[in-house]
Amino acid sequence: MASLILVNGVHLAKQQTGLLGVVCLKANYSTDAPRKLKTTNLAAMKRGTGGRSSFNGIVATVFGSTGFLGRYVCNKLGKIGSQVIIPYRADHYEALRLKLVGDLGQVLFHPYDLRDEEAIYKAVKHSNVVINLVGRDWETKNFTFKDVHVDGARRLARIARQAGVEKFVHVSSLNATPNPQPFFTKEGSKFLSSKYYGEQAVREEFPEAIVFRPSDIYGQEDRFLRYYAHIWRRQFRAMPLWYKGERTIKQPVYCADLAQGIVNAIKDSDSQGKTYQAVGPRRYKLSALVDWFHQLMRKDEKWWGYYRYDLRYDPTFRVKVLLTEMLSPSFPIGDLHTERVEREYHTDEVQKGVPTLEDLGVNLTYMEDQVPWELRPYRAALYYDAELDEFEKPTPPQYIQ
């Protein structure tokens, strides 16, 4: 049947336009090689109106995309028409949900290991942007802080440089320092010191890298709000904090704001080689924040019996932390482990003269506007309808001018 249609088409073309019709028909069904592109510059191939179905010229490989912050970064990139390459390790089903951040063909996956240089090169060789979000909150028998934050970051930066990547984005930590002040432990925070040396390693391998130093990040499924909301962080209904939390000042940042800052830095031609401090718009005492969190969860002092006390005088809490690490070393219950308790009492030091997210054009989110929504699932007496105003509305925490 198909041959009969083709023959009839050829005869019809001859009757109408002679040989020209046959030539046109051959051109339509040609099996020749595809035409060569005039340029291989991806930015020159932009198409679309700017949404997820467009292509803006950015091909970004996002290491650590399956983590907390990675989901927001991938979504922001896909929303503006970027092509996103997602390296993953272990079970691919952890990364599969990220396929929805972009249109069909815009999101690609590639298995890798942080110690496999060949797999890393394959993941970045077609990209013009590489983002490193890989990190660990606690050490395991397979990966120490040095393995991930220093050696891994250096390896990614070096291979990205060799592959000709134009921009490399590295996420560090706000209070990163070679000699952290000790609080809960004698040697201080290994996390913060490894983040400092990781920055140095990235700068050595990729001098034009863009570095972000975020404070505590909050959002959906974070390890800040839910850390203090978890029952395992408390001692029954009491909250132990170093000096009752009165000597620690925090400036948490919303996850979507940090993700937007990363995307804006990629699009900004003047961001190469700069370091940005990713902090929120206001500073608070840790004591005021934790009290406010419990008021939002209807677990305040009057109705529920909550109170704070000085962690320094409670040896049982230290034993609890050590037992948690021993019984669940791969994933501590409630994110409670020695390193987390140690670095939660470092005051967020914001250096003058170092640009922030606001310099990248990000409109920062206030905690007073976002946190009540984030902590809503953790409320006591959740079956009561909040709109009936049966409970007193918590007063927002006082912030430091």
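Reckoned from all heavy atoms, side chains included, excluding hydrogens, waters and symmetry mates. Since the structure is predicted, the reported quantities are computational estimates derived from the model, not experimental observations.
For Glu374 and Gln220, the side-chain atoms include at least one donor-acceptor pair closer than 3.5 Å. Under 3.5 Å, the side chains of Glu342 and Thr185 contain a donor-acceptor pair of N or O atoms. For the 3.5 Å distance criterion, the side chains of His170 and Asn132 qualify, holding a donor opposite an acceptor. For Gln370 and Tyr254, the side-chain atoms include at least one donor-acceptor pair closer than 3.5 Å. Between the side chains of Gln260 and Asn264, at least one donor N or O lies within less than 3.5 Å of an accepting N or O. Donor-acceptor pairing under 3.5 Å is lacking for the side chains of Gln251 and Ser215. Between the side chains of Gln235 and Asp314, a donor-acceptor pair is found at a separation under 3.5 Å.
Between Leu258 and Leu69, the closest side-chain pair of non-hydrogen atoms falls below 4.5 Å. Side-chain contact between Ile400 and Lys285: present, with at least one pair of heavy atoms (C-beta onward) separated by less than 4.5 Å. The shortest distance between side-chain heavy atoms of Tyr309 and Leu241 does not fall below 4.5 Å. Residues Arg71 and Glu221 meet the side-chain proximity criterion, which asks for heavy atoms closer than 4.5 Å. A heavy-atom distance below 4.5 Å is found between the side chains of Lys274 and Tyr276. Side-chain contact check for Tyr88 versus Phe109: some heavy-atom pair is nearer than 4.5 Å. Taking the side chain as every heavy atom from C-beta outward, Pro180 and Ser193 approach each other to under 4.5 Å.
When atom types are taken as modelled, the side chain of Arg233 and the backbone of Pro240 share a donor-acceptor pair closer than 3.5 angstrom. In this structure a side-chain-to-backbone donor-acceptor pair under 3.5 Å is present from Gln277 to Val354. In this structure, Thr356 contributes its side chain and Ala278 its backbone to no donor-acceptor pair below 3.5 Å. Side chain of Asp103 to backbone of Gln106: no donor-acceptor contact under 3.5 angstrom is found. The closest donor-acceptor contact from the side chain of Ser127 to the backbone of Val130 lies at 3.5 Å or more, if one exists at all. In this structure a side-chain-to-backbone donor-acceptor pair under 3.5 Å is missing from Trp304 to Ala380. A donor-acceptor contact shorter than 3.5 Å is absent between the side chain of Asp116 and the backbone of Asp113. Judged by distance alone, the side chain of Glu325 and the main-chain N or O of Thr338 form a donor-acceptor pair under 3.5 Å.
Using a 4.0 Å cut-off between charged side-chain N and carboxylate O, Lys250 and Glu344 make no salt bridge. Between Glu208 and Arg161 there is a salt bridge, since at least one side-chain N of the basic residue sits less than 4.0 Å from a carboxylate O of the acidic one. For the pair Asp137 and Arg343, the salt-bridge criterion is met [side-chain N within less than 4.0 Å of a carboxylate O]. Ion pair Glu94/Arg89 not flagged as a salt bridge, since none of the NZ, NE, NH1 or NH2 atoms sits closer than 4.0 Å to an Asp/Glu carboxylate oxygen. Note on Arg283 versus Asp348: no salt bridge recorded, every NZ/NE/NH1/NH2 to OD/OE distance being 4.0 Å or above. Using a cutoff of 4.0 Å between basic side-chain nitrogens and carboxylate oxygens, Arg213 and Glu199 are scored as salt-bridged. Taking 4.0 Å as the cut-off between side-chain N and carboxylate O, Glu246 and Arg308 count as a salt-bridged pair.
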Take Trp242 and Thr248 through the side chain to side chain donor-acceptor pair (under 3.5 Å) test and state the conclusion after the steps.
-> CA-CA 8 Å; Trp242 199 263; Thr248 306; over 6 Å; no
Could you go step by step and tell me if Arg52 and Asn75 meet the side chain to side chain donor-acceptor pair (under 3.5 Å) rule?
-> CA-CA 10 Å; Arg52 294 187 192 272; Asn75 184 48; 2.9 Å; yes
Start with the C-alpha gap between Arg203 and Thr275, add the side-chain angles, then the distance that decides, and say whether side chain to side chain donor-acceptor pair (under 3.5 Å) holds.
-> CA-CA 11 Å; Arg203 289 292 186 203; Thr275 299; 2.8 Å; yes
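Judged by the 6.0 Å and 45° rule, Arg318 forms a cation-pi pair with Phe184. The cationic group of Arg282 lies under 6.0 Å from the six-membered ring centre of Tyr399 and within 45° of the ring axis, placing it in a cation-pi geometry. Cation-pi geometry between Arg340 and Tyr227 is met: the NZ or CZ atom falls under 6.0 Å from the ring centre, inside 45° of the normal. Both tests hold for Arg136 against Trp138: distance to the six-membered ring centre under 6.0 Å, angle to the ring axis within 45°.
Aromatic pair Tyr228/His294: centroids not less than 6.0 angstrom apart.
In this view, Arg312 and Tyr243, Asp310 satisfy the side-chain hydrogen bond (donor to acceptor under 3.5 Å, both in side chains) rule, not counting sequence neighbours.
Across Leu98 and Ser65, no two heavy atoms sit closer than the pair CD1-O, 3.4 Å. Nearest heavy-atom pair, Ala163 versus Val124, reported as atom, atom and distance to 0.1 Å: CB-CG2, 3.9 Å. Taking each heavy atom of Trp292 and Pro397 in turn, the nearest pair found is CD2-CD, 3.3 Å.
Listed by first then second residue, pairs satisfying salt bridge (Lys or Arg N to Asp or Glu O under 4.0 Å) with a partner in residues 173-191 number zero, not counting sequence neighbours.
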